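All values below come from the heavy atoms of this structure, side chains included, with hydrogens, waters and symmetry mates left out. Just so it is clear: chains get the letters A, B, ... in the order the sequence lines come, proteins before strands, and each one is counted from 1. Quantities reported herein were computed from a predicted structural model and do not represent experimental measurements.
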Amino acid sequence: MGQPLGSEEVPRGGVAFPDWAYKAESSPGSRQIQLWHFILELLQKEEFRHVIAWQQGEYGEFVIKDPDEVARLWGRRKCKPQMNYDKLSRALRYYYNKRILHKTKGKRFTYKFNFSKLIIVNCPLWGVRLWIREK
DNA sequence: GTCGGAAAAG
DNA sequence: CTTTTCCGAC
């Protein structure tokens, strides 16, 4: 009793807030939204389930069901009308070395977040769940 | 489709 | 630094 109302679930697991999860728009300077933020944003909304969705079975794995639409949405967000899946996927490929994503080989349009070093947390800034790196 | 080098933009 | 653009290779 007497617990403050309106407080969301607190992050589980002794969370630290390091690098890339917090590089949102609130970063010092002027950093734009990053692609993996955008992907996560789409993934959490039901209205985009026909465009991009989590793959059942493997946690962190997602399938782009409509590459053209994802590219269009991404292009709109970044004011890059000429965006297409070919370019978007190149940006995704740069994440391989950054250890944010990797490809699920053999599965079309399927990628996977590196949950080996990720942890789920509630992001108080957006009121959404984000994955951040475990420290 | 997917990969990754290279150059360029912001 | 991240992402965009272009593109040859597989």
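Among the protein residues, A:Tyr94 comes within range of the nucleic acid bases, having at least one heavy atom under 4.0 Å from a base atom. Using a 4.0 Å heavy-atom distance criterion, A:Phe38 is classed as making no nucleic acid contact. Backbone-only engagement by A:Lys80 is indicated by non-hydrogen atom pairs under 4.0 Å involving sugar-phosphate atoms exclusively. A:Arg108 comes within 4.0 angstrom of the backbone, heavy atoms only, and of no base. Counting non-hydrogen atoms under 4.0 angstrom, A:Leu35 reaches the backbone sugars and phosphates but no base.
Heavy-atom distances to DNA chain B give each of A:Asn97 and A:Tyr111 a nearest nucleotide, and the one nearer the 5′ end belongs to A:Tyr111.
In this structure, CG of A:Leu92 is placed 13 Å from C1' of B:dC3, rounded to the nearest angstrom. Distance, A:Lys105 NZ to C:dC10 P: 16 Å, rounded to whole Å. The distance between atom CH2 of A:Trp36 and atom P of C:dC1, rounded to the nearest whole Å, is 17 Å. One interatomic measurement links the two molecules: OH of A:Tyr85 to P of C:dT5, which rounds to 17 Å at whole-angstrom precision. Atom CZ of A:Phe109 is separated from atom C1' of B:dG1 by 7 Å (rounded to the nearest Å). Atom-to-atom, CG of A:Asp66 to P of B:dG1 comes out at 12 Å; the value is rounded to the nearest Å. Following rounding to the nearest Å, A:Met83 (CE) and B:dA9 (P) show an atom-to-atom distance of 16 Å. Distance A:Ile33 CD1 to C:dT3 P: 10 Å, rounded to the nearest Å.
The two residues A:Glu61 and A:Lys107 come nearest to each other via the heavy atoms OE2-NZ, 3.3 Å. Listed here is the closest heavy atom pair of A:Leu88 and A:Leu35: O-CD2, 3.9 Å. Closest approach of A:Asn84 and A:Ala71 over heavy atoms only: C-CB, 3.4 Å.
Rounded to the nearest 0.5 Å, atoms CD (A:Glu41) and CZ (A:Arg77) are 4.5 Å apart.
Taking only side-chain nitrogens and oxygens, A:Tyr96 never comes nearer than 4.0 Å to OP1 or OP2 of B:dG4. For the pair A:Trp74 and C:dT4, the criterion of a side-chain N or O lying under 4.0 Å from OP1 or OP2 is met. Considering only side-chain N and O atoms, A:Lys87 lies under 4.0 angstrom from the phosphate OP1 or OP2 of C:dT5.
With hydrogens and angles ignored, a donor-acceptor pair closer than 3.5 Å exists between the side chain of A:Arg90 and the base of B:dG5.
Taking the six-membered ring where tryptophan is involved, the planes of A:Trp74 and A:Phe38 are tilted, since the angle between them lies from 30° to 60°.
Side chain of A:Lys98, nearest nucleotide from B:dC3, C:dT4, C:dT2: C:dT2.
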